[in-house]
6 protein chains.
Amino acid sequence: MTRIDNRQTDELRPVTVDVDYLIHPEGSVLITVGQTKVICTATIEDRVPGFLRGQGKGWITAEYSMLPRATNSRNRREASAGKIGGRTMEIQRLIGRALRAVVDLEKLGERTLWIDCDVIQADGGTRTASITGAFIAMTMAIGKLELPAFPVTDFLAATSVGVTAENGSILDLNYVEDSSAEVDMNLVMTGAGHFVELQGTGEESTFTRAQLNELMDLGEAGISQLVAMQRDALGELSARVGEKVPAER
Amino acid sequence: MTRIDNRQTDELRPVTVDVDYLIHPEGSVLITVGQTKVICTATIEDRVPGFLRGQGKGWITAEYSMLPRATNSRNRREASAGKIGGRTMEIQRLIGRALRAVVDLEKLGERTLWIDCDVIQADGGTRTASITGAFIAMTMAIGKLELPAFPVTDFLAATSVGVTAENGSILDLNYVEDSSAEVDMNLVMTGAGHFVELQGTGEESTFTRAQLNELMDLGEAGISQLVAMQRDALGELSARVGEKVPAER
Amino acid sequence: MTRIDNRQTDELRPVTVDVDYLIHPEGSVLITVGQTKVICTATIEDRVPGFLRGQGKGWITAEYSMLPRATNSRNRREASAGKIGGRTMEIQRLIGRALRAVVDLEKLGERTLWIDCDVIQADGGTRTASITGAFIAMTMAIGKLELPAFPVTDFLAATSVGVTAENGSILDLNYVEDSSAEVDMNLVMTGAGHFVELQGTGEESTFTRAQLNELMDLGEAGISQLVAMQRDALGELSARVGEKVPAER
Amino acid sequence: MTRIDNRQTDELRPVTVDVDYLIHPEGSVLITVGQTKVICTATIEDRVPGFLRGQGKGWITAEYSMLPRATNSRNRREASAGKIGGRTMEIQRLIGRALRAVVDLEKLGERTLWIDCDVIQADGGTRTASITGAFIAMTMAIGKLELPAFPVTDFLAATSVGVTAENGSILDLNYVEDSSAEVDMNLVMTGAGHFVELQGTGEESTFTRAQLNELMDLGEAGISQLVAMQRDALGELSARVGEKVPAER
Amino acid sequence: MTRIDNRQTDELRPVTVDVDYLIHPEGSVLITVGQTKVICTATIEDRVPGFLRGQGKGWITAEYSMLPRATNSRNRREASAGKIGGRTMEIQRLIGRALRAVVDLEKLGERTLWIDCDVIQADGGTRTASITGAFIAMTMAIGKLELPAFPVTDFLAATSVGVTAENGSILDLNYVEDSSAEVDMNLVMTGAGHFVELQGTGEESTFTRAQLNELMDLGEAGISQLVAMQRDALGELSARVGEKVPAER
Amino acid sequence: MTRIDNRQTDELRPVTVDVDYLIHPEGSVLITVGQTKVICTATIEDRVPGFLRGQGKGWITAEYSMLPRATNSRNRREASAGKIGGRTMEIQRLIGRALRAVVDLEKLGERTLWIDCDVIQADGGTRTASITGAFIAMTMAIGKLELPAFPVTDFLAATSVGVTAENGSILDLNYVEDSSAEVDMNLVMTGAGHFVELQGTGEESTFTRAQLNELMDLGEAGISQLVAMQRDALGELSARVGEKVPAER
């Protein structure tokens, strides 16, 4: 059975990246994955949170939000509710943690990178699109610092894989697929093909180790295509990601 | 002395409207006024707030927000702060009140229109751009209801006028002009040229009645150009705004 | 048709001011405008908010509240609700902004003036009565500082004007008039007759420029009577308002 | 050694009550105890909280607040802080509990009495003045219900007693005395001389049973004077307090 | 009539204390009073709140909470509700105030003692069990500081007394007795038999001075048994409580 | 190199379960995993959240908390902070989701199971101990419902695996190991050996697919030992888990 949007089971949705999308931030992109659209921005602040002060290290923190009508029915704003929901917290913690895995915080120096991912339109995969787009915005912002040693150690991209009754194991689920999936897994991986995060959930269901292996094969292939797209988007700056310079500490 | 962006004192910034900007909302636009960009969406909910229930009347309510990096330096999210600031409250109350002035709430029926104005990029005039854009999104959403009597009674647009030391009375202030203005005034007017809202403030300064008259001349001219733009954007639906049909109640 | 309380269309309600109403504050009044009663106090704090520190300038900030039974039916306390409503925010921002327009913040020095307006009884016009009363409390508190150059540059008073179906354009609306008004406008003006704030709203209605002019004629006349009353209340201190002394900076 | 305000150790401060102080509430007083001034209002709502619904019983709940400058230095508003402090909570729970002890909630019927005590000026004893004043406001509001069986079963008044180093055991502490007291005790008693509440605290100190007895002698005498004052203030309504009528249910 | 658990009217429930119950805190106990179980911990922090800084004095503050199913039906967590209820505030203020009465804060030095009382299982008397247990945990934590002059000046224990229709005046009420009591009183006393806190409430009822005396006789006897138990639990450390050493200041 | 507590790399810490630990809840255990101690309770409520009403299905929701001194230094209470942190949210969402995977919500009927996990003492692995213990408490509570078809479809337990520099891949990390781990992974699995949740994170590090496989081998072995322990703890009730009865819908 073919997928609802005629994709193959191992096929990503079309991905485009609009770099320097906004005039104010140090780095910004509009990333589009199928119908999912996220504005990712990176802001550099010249100080770090209290727990890091005076250690010569930087920090990366992320915030995530959706416009009320990014979705099919309107969601109440978290600012109106007066608190941030559990799903939002989980996602923004994930984005920050993932990005920190590919940045040498000592090379960054005592600075905080604020990453903002604002979903303008949602059709599944907003957290993985956020990570993939945020990596580009962050790298552009860091590029502007003109640091002697480039702190970004590798590329970083994310996608989802899952299992549906109709199509078995599939790559990059859209909203309809995600809603009916028995298993839903998010993968964050580096340009070198290593894992940074792996979060798999049986949705009122379970999965076997064989299924897990199948899903990871799909995911690895998808990530490598996303990293290639990131290289294109970053242009010359790509060359500095993971560059080897004699560290002096 | 010429204005910072070479405009005449009575010249609006370029305005464009991208209709049906998002796939999910009943009405949506991206309005661009110079460098200011706002996504305005309209959502129709089939019930009204408690205080209106059972009266056969509808309601219109608005929410306004800015992305953290819509501005030159990053603003903390109101969701993170856990409360909505005074400026935001003032603006969203203004937007809702203004739109209700040109909608016959009885013809709307027991429905709530949720208007969301999310500023993606700010360069002055975000509240007036929000009103001008929200009118279009709202009218499009109401158009989809296919009501026998069209509830929108007139066009509605907004702009700012002000007084600066360099240029005297000017129309449609950008951020730099707004920051140094001695007087700042927001005008919301109808297609018929009537006032809906008039909010003028001397910024640690005062103004005379003669200045007030001069500012209103500028504002009226600006509003009529914005209404012409709204007619274009709404296309055929324009004809229904203010249509006279025998009311049957 | 005569007004509900037999006033002429251009007639203010009776206004009285009880100065030094409380023993603790640096300045305090109970202002009574018809049935509306507001306690206004001014507190001097010897430091300024963070954004002003070290600039040699002062600041004025205002807070506004109503007792739960200031009104006909009981309003929930904002402290119980855990947040300040939009109407309250709008009003307290207005009061602070208006007072700052007639105070030379550099002559005030690095001090914060806290203005508290607590409505004990409400019958329309609570925000304008608050401004008129707060000006007196503030000026008394500043008088106690015995500064060489008096920071208050002019008198400041506020009133409302509006349009009702029964009486057309009227001055100083009470609650019943305000509830049924088609147009409602608040004016804040100086002793010299200049505008500080002008906020006019068509309440689910609109107004023409001719009506606007008529309303401002009414308002100007009312303000000059209120300023005369303020001169009386302040006694000798009146002479220092707007005094010209050679500034030395 | 004489007390700071020349009172005898067993002497109350002058107490006055201004009944029907406000036009809107069903019952209202301004009670003045020395320099302490509290506006007490009673509001009748025709329904009860969820936990009492359908039981044919009423409820009494109280809220307490101080104006920011009721005190010598300005206190931050609890509405601005976004939450009610522990001291306020303790006091408003005490006021409600005390009043419920002298009201037959079944005779009251399914109604809620909202008691609001707003301290305009504080000089010690604000919670006891609130209770003494609130009893009057409440009884007046209940009087307007014209119920067949009067629900108020007895008078209720409150005062403080304490121990200071200078004067030993004293009645009705003002702020200066309260601040230096070693023991501080609040008494709530009925017209019949029975206890409703007794809260004694050694302030970083302790007290003996002999001291406790001495303090209660002082308190009992003070309460009976306050009850006499309440009788005067209530006039004819006094006769209905504690009236014996054949209950019919 | 015998009590529900066959106790005499002047009989405490069985009390046990499990010292060093947890591995991390500086002092910790599990206190069991009948079916009521509370974990009390004491934490030492090497700084004091802002209002005490630089005065050479310490501070003691307490927090109290119940597990959701400490009670017969589940209580909503205060963390989920987003605020602390009035009952909790009252209790934690009481615990802190009581403990401060038997600690010489100057001998403690600039340190804060955080007392946490977490009720695991509730059957009446949770606040008095918390105080009795917290005293032990606090004293153990202070013991570890090895200060030259021991800051704890006396023992401190708490219990409840009350009046029920069935049994008249009784000591140490369990939940069933507490729910039906006409009078409920909490006593906090020292090893020397002095009062620290006395809080008596007629629950929709009143009490006479004769009843008050009877209740205090019961309470005093109960407290002395609890203090004896505390001596046992503290072992050698007991000898340091109230020790006389030449103070040198 | 041996582990800090002398365990083998594939060795669990000692696990004990104290069933019916509290008297009030429908199900309760104290689970001890090494030094980590968690009280898990299950409460049955006879209604479901709004989004499920009228569908004949039940719901399971979990809350997680730590006592302030469950850890080495004191953590601020979330109730005092006024909001629940991101880590807590993540954990309680995980616990609820995991338990729902092994309960047939239709067989449960329109009921909500509230699971509370309160960590009394923490030494790593609090979330996995919570899941393992909560499964027992939940199953005991469901057992008391005496439903014709038993809703629990399989056993469910959780443990952690990780990679440290000293010991490579290890099972069941304690706090010290967890703090220095390069990779940290939580596994939730069923009695049948299927995955319910898999969450792996490179802590400022990454991991390869080979490492992932090694970790899962360790985890699977650990889970099967935990399930055996659960069988013992549940006694006769174990036989009903996963029982096959002809479903009639």
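Just so we're on the same page: letters track the sequence lines, and every chain starts at 1.
Taking non-hydrogen atoms and a 4.5 Å limit, the residue list of residues 53-74 of chain F in contact with chain A, ordered by number, reads F:W59. By a heavy-atom distance cut of under 4.5 Å, F:I84, F:G85, F:G86, F:R87, F:M89, F:E90, F:R93 are the residues of residues 78-95 of chain F near chain A, going up by number.
Across F:M216, F:M185, F:E220, F:R209, the residue that shares the most heavy-atom pairs under 4.5 angstrom with chain A is F:R209. Your options are A:G193, A:G202, A:G200, and the one with the most heavy-atom pairs under 4.5 Å with chain F is A:G200.
Heavy-atom distances place no part of A:Q211 under 4.5 Å from chain F, backbone and side chain included. Interface residue F:T190: only side-chain heavy atoms are found under 4.5 Å from chain A. There is no contact between F:M189 and chain A, counting heavy-atom distances below 4.5 Å. With a threshold of 4.5 angstrom between heavy atoms, F:N213 approaches chain A through its backbone and through its side chain. Residue contact with chain A, scored on non-hydrogen atoms closer than 4.5 Å, involves the backbone and the side chain of F:D217 alike.
Put simply, the side chain of F:E197 does not reach to within 4.5 Å of the side chain of A:Q199, judged on heavy atoms. In this structure the side chain of F:L212 reaches within 4.5 angstrom of the side chain of A:F195, judged on heavy atoms.
The nearest pair of heavy atoms linking A:A101 to F:S205 is CB-O, 4.0 Å. Considering all non-hydrogen atoms of both residues, A:F207 and F:V196 come closest at CE2-O, 4.1 Å.
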message: Apply side chain to side chain contact (heavy atoms under 4.5 Å, CB included) to residues F:R97 and A:T201 and explain how you reach the verdict.
response: CA-CA 9 Å; F:R97 203 165 58 225; A:T201 301; 3.6 Å; yes

